[in-house]
Novice: 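Just passing along the structure, written as structure tokens.
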Amino acid sequence: MRKSIIAGSIVAAAVTALAAGDALACTNVIVTKGASRDGSTLVSYAADSHSLFGELYYHPAKDWAPGTMLKVYDWDTNRYLGEIPQVAHTYQTVGNMNEYQLIITETTWGGRPELEDKKGGIDYGSLIYITLQRAKTAREAIDIIVDLANTYGYASEGETFSIADKNEAWIMELIGKGMNIRNGVNLQKGIVWVARRVPEGAICAHANQARIGTFPLDDPENCLYAPDVVELAREKGWFDGEDKDFSFKKAYCPVDFGTVRGCDARAWSAYNILTNGWFSFYTEDGDPVTKDAFAYIDYVMGYNLEMDLPLFVYPRTHITVKQVADVMRDHFEGTPMDMSQDIGAGGNALPYRWRPMEWEAMGRKYINERAIATQQTGFWMVGQARNYVPDVVGGILWFGTDDAATSYLTPIYTSTTEVPECFRVGNGDLLHYSPKSSFWINNRISNACYKMYNVMAPTVRARADAFEYDQMFRKTHSVDSMAVVMYNEVVIKLQKKISSNRDVMVSRKPFSKVTKYVTKYTVETAQDQFKKWVALEEELLVKYIDGNVKPQDENGNFLHTEYSTGQPASIEWPGYTDLWKETVAAEAGEVLKVVEE
């Protein structure tokens with residue numbers, strides 16, 4: 001196996017692209033209901049950016065007067081882009097889900113810079129959150145995204161969207177058409193795009209690199225695309241073959257070392273974990289294939305760019321929401337890219353490297369890995385859509401802030417009428433600390449762990465695991481059951497009273513008892529766990545201060561001497577990893593060695 005090192009022949013431009021692209025580096029995993037253990041559609045998302053604050057966006061359903069205009073602001077920069085007509089009614093949205101259990105998330109891949117529309121009126125973030133307020137299903141969402149981008153002009157770079165509802169899941173990729181300005185108007189506004197339905201029983205992952213290659217041209221049930229998606233590539237000289245051989249990603253986002261090592265490697269790692277190391281998929285000709293995940297290691301490490309990852313893979317066992325959450329905590333463990341296994345991890349096996357990602361030594365360029373879990377996460381989530389319970393109960397947004405590896409996900413029912421204070425917009429920002437903010441307390445804990453990671457992080461992870469297992473496999477099931485009972489009671493009453501008018505059942509107003517119940521649970525659970533995390537940060541400070549470790553009993557109480565409750569019974573010093581010791585000995589052994597008498 002090759003060493004995890006960049007060959008000297010790698011062009012600097014590719015490495016630079018990796019470093020620059022990390023500013024918008026996110027990861028998505030899509031799990032169809034046929035691949036999940038409980039029949040849920042699942043979508044995970046880490047919103048990663050060094051300038052993104054972790055908070056939970058909330059917009060209640062609302063009716064709008066004719067002529068109302070909606071102001072559009074770029075999600076990344078808050079730059080005003082213009083305004084568009086508002087629709088008559090918008091649906092409730094909580095984060096990246098809405099009241100009908102529609103989920104939309106993204107990863108940015110840039111692509112061809114000449115296709116950017118600097119006069120575009122709607123950016124990728126606005127496409128997500130506006131569409132969530134207007135669509136009930138994934139197919140409706142695709143139509144709305146296309147209509148908005150073509151009508152007002154697309155203001156962002158190349159993008160991949162995960163779009164899923166309670167019945168099906170899609171991956172959609174799009175990019176602008178460039179600029180042809182005449183009288184101040186871009187005559188080429190709009191997007192070229194393709195969307196593929198994730199086959200039932202399969203999973204998909206994407207991470208800042210376009211994933212859709214060739215696609216069926218005559219299967220509208222499972223594949224949709226712009227009528228000029230091939231034509232534009234031909235005009236630009238990026239494709240000259242037969243239509244059936246057209247690859248979206250090769251034309252609009254060709255790979256290089258940086259986009260594979262820093263992006264596709266994360267999608268591969270998600271597949272590796274969720275398929276237990278075996279990729280089962282179908283070729284474009286429909287032939288079944290099964291390969292060892294490590295058959296792709298030369299590709300994901302950037303050594304052989306002629307290879308390619310399958311777009312969809314079929315896991316051997318059904319996947320739980322907890323497993324999807326844990327994928328978002330991956331640091332390439334068990335692979336050559338595991339950053340905890342080289343001296344850059346310091347003496348405590350830290351699986352992170354501070355930016356920039358590119359660095360130089362002895363005349364050569366090198367990079368730091370970009371794993372799924374990263375220190376610059378604003379918020380992360382797993383959206384869970386369930387077609388076997390009513391919408392008012394079915395949608396759960398498992399939501400968290402900051403680094404996924406040292407934070408937790410708490411359930412947010414998408415019919416909630418209130419956002420927990422710890423996630424509320426305006427409760428702090430990147431330049432203003434708030435002691436009541438989940439983002440800030442998670443940053444305090446993660447940054448504490450970074451100094452002694454292999455000792456402290458397991459303590460935090462154990463607490464997060466215990467909370468998530470309790471919620472995902474026990475408590476929310478109980479809440480679901482009670483909420484469905486309440487729902488059915490209302491339905492029976494409505495059927496008796498208005499047997500001739502079933503439309504009233506669609507309204508959420510008759511189900512206020514249900515929404516109050518799940519709202520109470522949502523808010524109290526989030527706030528209670530937030531308080532426990534505040535207490536955990538204090539515990540970490542006391543337990544691990546100055547590199548010491550103070551022992552505790554099975555209930556978490558600190559052990560003390562028989563003479564004083566304020567004096568620890570003993571102090572442990574975990575020291576450093578063997579790799580650190582060996583490296584320091586090799587570098588400075590002559591100075592540090594103990595002289596034997």
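Throughout, numbering of the chain's residues begins at 1 and tracks the sequence.
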Novice: Is there a side-chain contact between T41 and N387, using heavy atoms and a 4.5 Å cut-off?
Specialist: no
Novice: Would S269 and N272 count as having a side-chain donor-acceptor pair, cut-off 3.5 Å?
Specialist: no
Novice: Go through N427 and S437 one step at a time and tell me if the side chain to side chain donor-acceptor pair (under 3.5 Å) criterion holds.
Specialist: CA-CA 6 Å; N427 183 10; S437 163; 5.0 Å; no
Novice: Could you go through V192 and L174, starting from their C-alpha distance and side-chain angles, then the distance that decides it, and tell me whether this counts as side-chain contact (heavy atoms from CB on, under 4.5 Å)?
Specialist: CA-CA 6 Å; V192 286; L174 56 93; over 6 Å; no
Novice: If you round to the nearest 0.5 Å, how far is CD of E421 from OG of S438?
Specialist: 11.5 Å
Novice: So which atom in A149 and which in I122 form the shortest heavy-atom distance, rounded to 0.1 Å?
Specialist: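 So the minimum-distance heavy-atom pair works out to CA-CG2, 4.1 Å.
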Novice: Under the rule for ring-ring contact (aromatic ring centres under 6.0 Å, His included), what residues qualify as partners of F423, not counting sequence neighbours?
Specialist: F399
Novice: Looking at H331 versus Y352, is the centre-to-centre ring distance below 6.0 Å?
Specialist: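 Here the rings of Y352 and H331 have centres that are less than 6.0 Å from each other.
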Novice: For V194 versus C223, what's the shortest heavy-atom pair and its separation?
Specialist: CG2-SG, 4.1 Å
Novice: Please work out which of the three classes, parallel, tilted or perpendicular, describes the rings of W440 and F53, given edges at 30° and 60°.
Specialist: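 Taking W440 first and then F53, their aromatic rings sit tilted (interplane angle of 30° to 60°).
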Novice: Are any side-chain N or O atoms of T374 and backbone N or O atoms of T377, one a donor and one an acceptor, separated by less than 3.5 Å?
Specialist: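 Checking the backbone N and O of T377 against the side chain of T374, no donor-acceptor pair under 3.5 Å is found.
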Novice: side-chain contact (heavy atoms from CB on, under 4.5 Å), that's the test. Do T107 and Q209 meet it? Break it down for me.
Specialist: CA-CA 8 Å; T107 71; Q209 168 61 35; over 6 Å; no
Novice: Hey, is the main chain of G153 close enough, under 3.5 Å, to the side chain of N186 for a donor-acceptor pair?
Specialist: no
Novice: Would you say S415's side chain and V392's backbone share a donor-acceptor pair under 3.5 angstrom?
Specialist: yes
Novice: Is any side-chain N of the basic residue among E200 and K33 closer than 4.0 Å to the acidic one's carboxylate O?
Specialist: yes
Novice: Strictly distance-based, threshold 3.5 Å: is any side-chain N or O of Q527 a donor or acceptor partner for the main-chain N or O of C422?
Specialist: yes
Novice: Specify the closest pair of heavy atoms between A325 and W380, including all atoms of both residues, with the distance to one decimal.
Specialist: O-CZ3, 3.6 Å
Novice: How many angstroms lie between CG in L52 and CH2 in W75, if you round to the nearest 0.5 Å?
Specialist: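 Going from the CG atom of L52 to the CH2 atom of W75 covers 5.5 Å.
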Novice: Do R134 and Q86 have side-chain N/O donor and acceptor atoms under 3.5 Å apart?
Specialist: yes
Novice: As a test of understanding, state which of T93, L70, I145, I144 forms a side chain to side chain contact (heavy atoms under 4.5 Å, CB included) with I130.
Specialist: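 The single option meeting the side chain to side chain contact (heavy atoms under 4.5 Å, CB included) with I130 is L70.
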Novice: Any chance you could measure L350, atom CG, to M339, atom CE, to the nearest 0.5 Å?
Specialist: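 Between L350 CG and M339 CE, I get 8.0 Å after rounding to 0.5 Å.
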Novice: Stepwise, does the side chain to side chain donor-acceptor pair (under 3.5 Å) test hold for D402 with S446?
Specialist: CA-CA 8 Å; D402 193 45; S446 62; 2.8 Å; yes
Novice: Take K322 and D326 through the salt bridge (Lys or Arg N to Asp or Glu O under 4.0 Å) test and state the conclusion after the steps.
Specialist: CA-CA 6 Å; K322 175 61 175 164; D326 288 345; 3.1 Å; yes
Novice: Do F530 and I441 pass the side-chain contact (heavy atoms from CB on, under 4.5 Å) test, and can you show the C-alpha distance, the side-chain angles, and the key distance before you say yes or no?
Specialist: CA-CA 8 Å; F530 170 74; I441 193 60; 3.6 Å; yes
Novice: Hey, are D123 and Y73 close enough side-chain-wise for a donor-acceptor pair under 3.5 Å?
Specialist: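 Short answer, no.
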Novice: Over all heavy atoms of both residues, which pair between F467 and T410 is shortest? Give the atoms and the distance, please.
Specialist: CZ-OG1, 3.7 Å
Novice: I'd like to know if D308 pairs up with K249 as an ion pair, taking the criterion as any Lys NZ or Arg NE/NH1/NH2 lying under 4.0 Å from an Asp or Glu carboxylate oxygen.
Specialist: yes
Novice: So, R196 and E168, do they make that salt bridge, N to O below 4.0 Å?
Specialist: no
Novice: So, do V425 and L56 sit near enough that their side-chain heavy atoms are less than 4.5 Å apart?
Specialist: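 Not in contact.
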Novice: Looking only at side chains, do S162 and H206 share a donor and an acceptor under 3.5 Å apart?
Specialist: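 Note: S162 and H206 side chains meet the donor-acceptor criterion.
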Novice: Roughly how far apart are L42 CG and I319 CD1, rounded to 0.5 Å?
Specialist: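 These two atoms lie 8.0 Å from each other.
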Novice: Under 4.5 Å between any side-chain heavy atoms of W193 and V146, yes or no?
Specialist: yes
Novice: Which distance, rounded to the nearest 0.5 Å, do you find between the OG1 of T151 and the CD1 of I84?
Specialist: 9.0 Å
Novice: State whether a side-chain donor-acceptor pair under 3.5 Å links R266 with T27.
Specialist: yes
Novice: Evaluate the salt bridge (Lys or Arg N to Asp or Glu O under 4.0 Å) criterion for residues E418 and K520: first the C-alpha distance (whole Å), next the side-chain angles of each, then the deciding distance (0.1 Å), finally the verdict.
Specialist: CA-CA 9 Å; E418 182 182 348; K520 184 175 186 291; over 6 Å; no
Novice: Looking at R329 and D403, does any basic side-chain N land under 4.0 Å from a carboxylate oxygen?
Specialist: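 No, R329 and D403 are not salt-bridged.
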Novice: Where is the tightest heavy-atom contact between P411 and Y521, given as atom of each residue plus distance?
Specialist: CG-CE2, 4.1 Å
Novice: Would you please test F246 and T214 for side-chain contact (heavy atoms from CB on, under 4.5 Å) and show each step?
Specialist: CA-CA 5 Å; F246 175 74; T214 57; over 6 Å; no
Novice: Taking K136 first and then E99, would you say they form a salt bridge - that is, a charged N and a carboxylate O separated by under 4.0 Å?
Specialist: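 Looking at K136 and E99, the cut-off is not met.
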Novice: Ignoring hydrogens and angles, tell me if any N or O in the side chain of S126 forms a donor-acceptor pair with the backbone of V72 under 3.5 Å.
Specialist: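 Side chain of S126 to backbone of V72, a donor-acceptor pair under 3.5 Å: no, none is there.
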Novice: Ignoring hydrogens and geometry beyond distance, is a side-chain donor-acceptor pair present between R370 and N208 at under 3.5 Å?
Specialist: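 There is no such pair between these side chains.
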Novice: State whether the side chain of D165 and the backbone N or O of I103 hold a donor-acceptor pair below 3.5 Å, judged by distance alone.
Specialist: no
Novice: Enter the distance from N98:CG to D391:CG here, rounded to the nearest 0.5 Å.
Specialist: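 Reported to 0.5 Å precision, the distance equals 8.5 Å.
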Novice: Just checking W354 against Y450, ring centres under 6.0 Å apart?
Specialist: yes
Novice: Between Y100 and Y91, does the ring centroid distance fall short of 6.0 Å?
Specialist: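 They qualify: ring centres under 6.0 Å apart.
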Novice: Looking only at the side chains, is there a donor atom on one of W109 and T160 sitting less than 3.5 Å from an acceptor on the other?
Specialist: yes
Novice: On a heavy-atom basis, which atom in G95 and which in L132 lie closest, and how many Å separate them?
Specialist: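 It is O-CD1, 3.9 Å.
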Novice: Determine, step by step, whether T90 and W64 satisfy the side chain to side chain donor-acceptor pair (under 3.5 Å) criterion, reporting the C-alpha distance in whole Å, the side-chain angles of both residues, the deciding distance to 0.1 Å, and the verdict.
Specialist: CA-CA 8 Å; T90 52; W64 301 90; 3.0 Å; yes
Novice: Do R112 and W238 meet the cation-pi criteria used here (NZ or CZ under 6.0 Å from the six-membered ring centre, within 45° of the axis)?
Specialist: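 Positive - R112 is close enough to the ring of W238 and near enough to its axis.
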Novice: Does a sphere of radius 6.0 Å around NE2 in H89 hold more than 12 heavy atoms from other residues, nucleotides or ligands, not counting ones at 6.0 Å or beyond?
Specialist: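 Correct, the count exceeds 12.
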Novice: Verify, without hydrogens or angle tests, whether Y154 (side chain) and E157 (backbone) share a donor-acceptor contact under 3.5 angstrom.
Specialist: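 Answer holds: yes.
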Novice: Mark yes or no for whether E231, through its side chain, and P227, through its backbone, hold a donor-acceptor pair below 3.5 Å.
Specialist: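 No, E231 side chain to P227 backbone: no donor-acceptor pair under 3.5 Å.
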Novice: Please tell me if the side chains of L274 and V29 come closer than 4.5 Å, counting only heavy atoms from C-beta onward.
Specialist: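 They are in side-chain contact.
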Novice: Looking at the rings of Y408 and W533, which for Trp means the six-membered one, are their centres under 6.0 Å apart?
Specialist: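 Yes; W533 has its ring centre under 6.0 Å from that of Y408.
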Novice: Just by modelled atom types, is the T401 backbone N or O under 3.5 Å from a matching donor or acceptor in the S407 side chain?
Specialist: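 Present.
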Novice: Without swapping roles, check the side chain of Y271 against the backbone of A205 for a donor-acceptor pair under 3.5 Å.
Specialist: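 Side chain of Y271 to backbone of A205: a pair is present.
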